[in-house]
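Working notes, beginning with the structure itself.
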Amino acid sequence: MAKALGSEAERATSKRIGALQALWPFTRPYLALMVAALMALTLTACVSLVLPLAVRRVVDGFGTDEAALLDQYFGAALAVAALLAVGTGLRYYLVTRLGERVVADIRRAVFDRTISMGPEFFERVMTGEVLSRITTDTTLILSVIGSSASIALRNALILIGGLVLMLLTSAKLTALVLLIVPAVIVPIIVLGRRLRVLSRENQDQIAASSGNASEALLSVQTVQAFTNETPSRAKFAGFTEAAFDAARKRIGTRAVMTVIVIFLVFTGVVGVLWIGARDVRADIMTAGELVQFLIYAIMVAGGVAALSEIWGELQRAAGATERLVELLTAEDTVKDPAKPAQIDRLTGAVQFDDVTFNYPARPDVAALDGVSIDVAPGETIALVGPSGAGKTTIIQLLLRFYDPTSGAIRLDGHDLRDMARQDFRQSIALVPQDPVIFAASARENIRFGRPDATDAEVEEAAKAAAAHDFLTKLPDGYDSYVGERGVMLSGGQKQRIAIARAILRDAPILLLDEATSALDAESEALVQTAVDRLSRDRTTLVVAHRLATVKKADRIAVFDDGKIVAMGTHDALVAQGGLYARLAKLQFTAGIAAE
Ligand code: ADP
């Protein structure tokens with residue numbers, strides 16, 4: 001699990017309500033909305049507090065007041081009801097809207113940040129975890145801003161107001177009620193703590209079950225091919241049942257708590273009513289006053305119950321906020337300079353100057369060790385060597401996904417660290433080993449290389465990539481949907497789309513990670529023609545697995561164990577003997593497997 005983001009236990013202890021402060025920057029822009037909501041809320045709370053006063057007058061008026069006065073009372077009650085209704089509706093709309101708005105902003109902020117994070121971040125944090133934060137954690141926050149906070153505020157107002165009015169109505173009865181309060185509060189606190197633990201357990205089991213399900217579903221064909229459906233079902237069932245068990249325990253505790261609280265509250269109310277009734281008989285208080293007192297007491301009791309319930313929810317939301325804030329403030333190891341160098345279109349001169357690099361996850365092993373290469377604009381360099389020698393690392397560093405531990409990488413003489421990443425990446429086209437295809441149409445997939453390209457340009461690129469023929473044969477031609485990760489296309493077709501995308505990008509530098517999976521001869525010939533067209537006149541660094549590719553390169557850099565052990569043309573290197581000659585004899589692909 002994500003080390004840097006803290007273990008579940010650490011999170012639990014740090015679930016402080018204070019963490020909710022972090023929501024302030026997101027709510028501040030909507031101050032006006034908040035003030036309006038607060039006004040509506042105060043209005044309804046005040047109206048609720050006034051109602052019992054009116055009830056008392058009605059009750060005490062029975063028999064003594066004139067009929068006309070009674071009509072007036074009921075007329076006023078109607079007006080108050082209207083006020084209460086409108087105020088409540090308004091509060092609901094304003095508060096919920098505020099919550100939805102803030103959550104939408106948080107979701108966007110988290111995604112905006114995550115999409116530009118470097119690979120080191122994703123080595124620590126699972127993509128699924130980020131997704132769950134964007135969806136589940138924000139939902140908890142929504143429930144707080146969009147309702148709990150306002151319910152809490154409303155109940156706090158009613159609690160305080162109700163207590164004051166109770167005191168004013170009858171100090172003696174209030175004192176009696178306050179005696180019962182601890183008896184109600186203690187079970188709420190004790191059981192509330194247990195509820196919180198159980199609720200977290202429940203959430204964790206749900207997270208585990210969805211993580212497990214998404215993993216199985218993403219590789220559903222492998223699961224089926226190995227006839228592993230039954231174990232997969234059992235595993236998922238295990239998580240789901242554990243979640244259910246935690247939920248059942250939570251609900252049980254909650255039910256017990258409800259029984260205790262209701263019983264105690266009603267016992268208290270009945271007791272107070274009993275004493276109150278005797279006072280009424282003794283003419284110490286009026287019947288109306290007793291009714292008024294009772295209503296306040298019930299309102300206060302309801303307020304206490306609501307607050308105790310919301311307390312747990314606020315704590316859960318505080319935990320969720322913490323997790324989101326961790327994402328929002330996660331530091332990227334690679335940063336753009338404060339004043340990036342102004343660069344136009346690069347010519348494509350690439351220089352690695354004595355570059356040594358250790359992956360952050362393996363600080364003691366050098367993935368590259370004193371590598372120097374100078375690539376002239378337009379030149380094609382093949383990177384060859386056994387698996388794990390550091391070829392892909394060269395591509396990763398050239399895109400500045402990581403910074404070298406020592407040495408420098410330059411494009412047209414500018415150190416990568418002196419330019420904005422967006423600026424120089426514009427001049428690079430990448431064809432990765434596993435072509436990445438998005439769940440969209442073929443046309444959109446190609447256009448990914450240059451979003452402002454016209455349809456004609458897209459088709460031209462597809463023709464150059466030898467993809468036009470198969471694309472026009474698809475049911476909807478270029479507009480055919482290709483499925484998630486391009487499942488509706490063959491390996492060679494996906495590669496040609498990836499190449500068309502790179503052609504469309506029309507960048508001076510091309511980074512190519514040749515596919516290791518053997519394509520059929522026809523596909524391979526087509527892909528090869530496409531690549532040849534693409535690399536013409538461009539600086540090309542190709543991680544080569546095929547002899548044919550290597551032979552066409554201007555120069556070949558032979559990697560072994562993070563170092564360049566030989567450099568030259570195919571013929572020269574074969575004449576030298578050594579690692580390259582051995583690899584060439586084994587035709588590369590086989591050689592790599594043998595290494
Ligand atoms: P090649 O492309 O030549 O097969 P790579 O450049 O991918 O090799 O890998 C070079 C070395 O760096 C290997 O030993 C590999 O295990 C290691 N490596 C690659 N990626 C990472 C990473 N993200 N974290 C730690 N080590 C890595």
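As the structure lists them, so they are numbered: ligands from 1, and atoms in each ligand from 1.
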Report task. Check step by step if side-chain hydrogen bond (donor to acceptor under 3.5 Å, both in side chains) holds for Ser441 and Glu444. Result -> CA-CA 5 Å; Ser441 70; Glu444 284 166 278; 3.0 Å; yes
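- Salt-bridge annotation for Arg450 and Asp506: absent, with no side-chain N of the basic residue lying under 4.0 Å from a carboxylate O of the acidic one.
- Not a single N or O atom of Ala367, backbone or side chain, sits closer than 3.5 Å to an N or O atom of ligand 1.
- At most 12 heavy atoms of other shown residues, nucleotides or ligands fall within 6.0 angstrom of atom CZ in Phe448.
- On a distance-only criterion, Gly388 and ligand 1 share at least one N/O pair closer than 3.5 Å.
- Side chain to side chain, Thr539 and Glu379 fail the donor-acceptor criterion of an N or O pair below 3.5 Å.
- By the 4.0 Å N-to-carboxylate-O rule, Asp415 lies close enough to Arg417 to be salt-bridged with it.
- Atom 20 (N) of ligand 1 has its closest protein heavy atom at Tyr359 CZ, 3.3 Å.
- Within a 6.0 Å sphere centred on NZ of Lys552, other residues, nucleotides and ligands contribute more than 12 heavy atoms.
- The part of Arg362 lying near ligand 1 is the side chain, judged by heavy-atom distances below 4.0 Å.
- When hydrogens are left out, the protein atom nearest atom 23 (N) of ligand 1 is Glu123 OE2, 2.9 Å; that is the closest non-hydrogen contact.
- Proximity of the aromatic rings of His414 and Phe424 is defined here by a centroid distance below 6.0 angstrom, and this criterion is not met.
- Of the candidates Asn358, Leu368, Thr392, it is Thr392 that places a heavy atom closest to atom 2 (O) of ligand 1.
- In Tyr402, the part holding a heavy atom less than 4.0 Å from any atom of ligand 1 is the side chain.
- Annotation: atom 9 (O) of ligand 1 to nearest protein heavy atom, Thr393 OG1, 3.7 Å.
- In this structure, Gly390 has a heavy atom closer than 4.0 Å to ligand 1.
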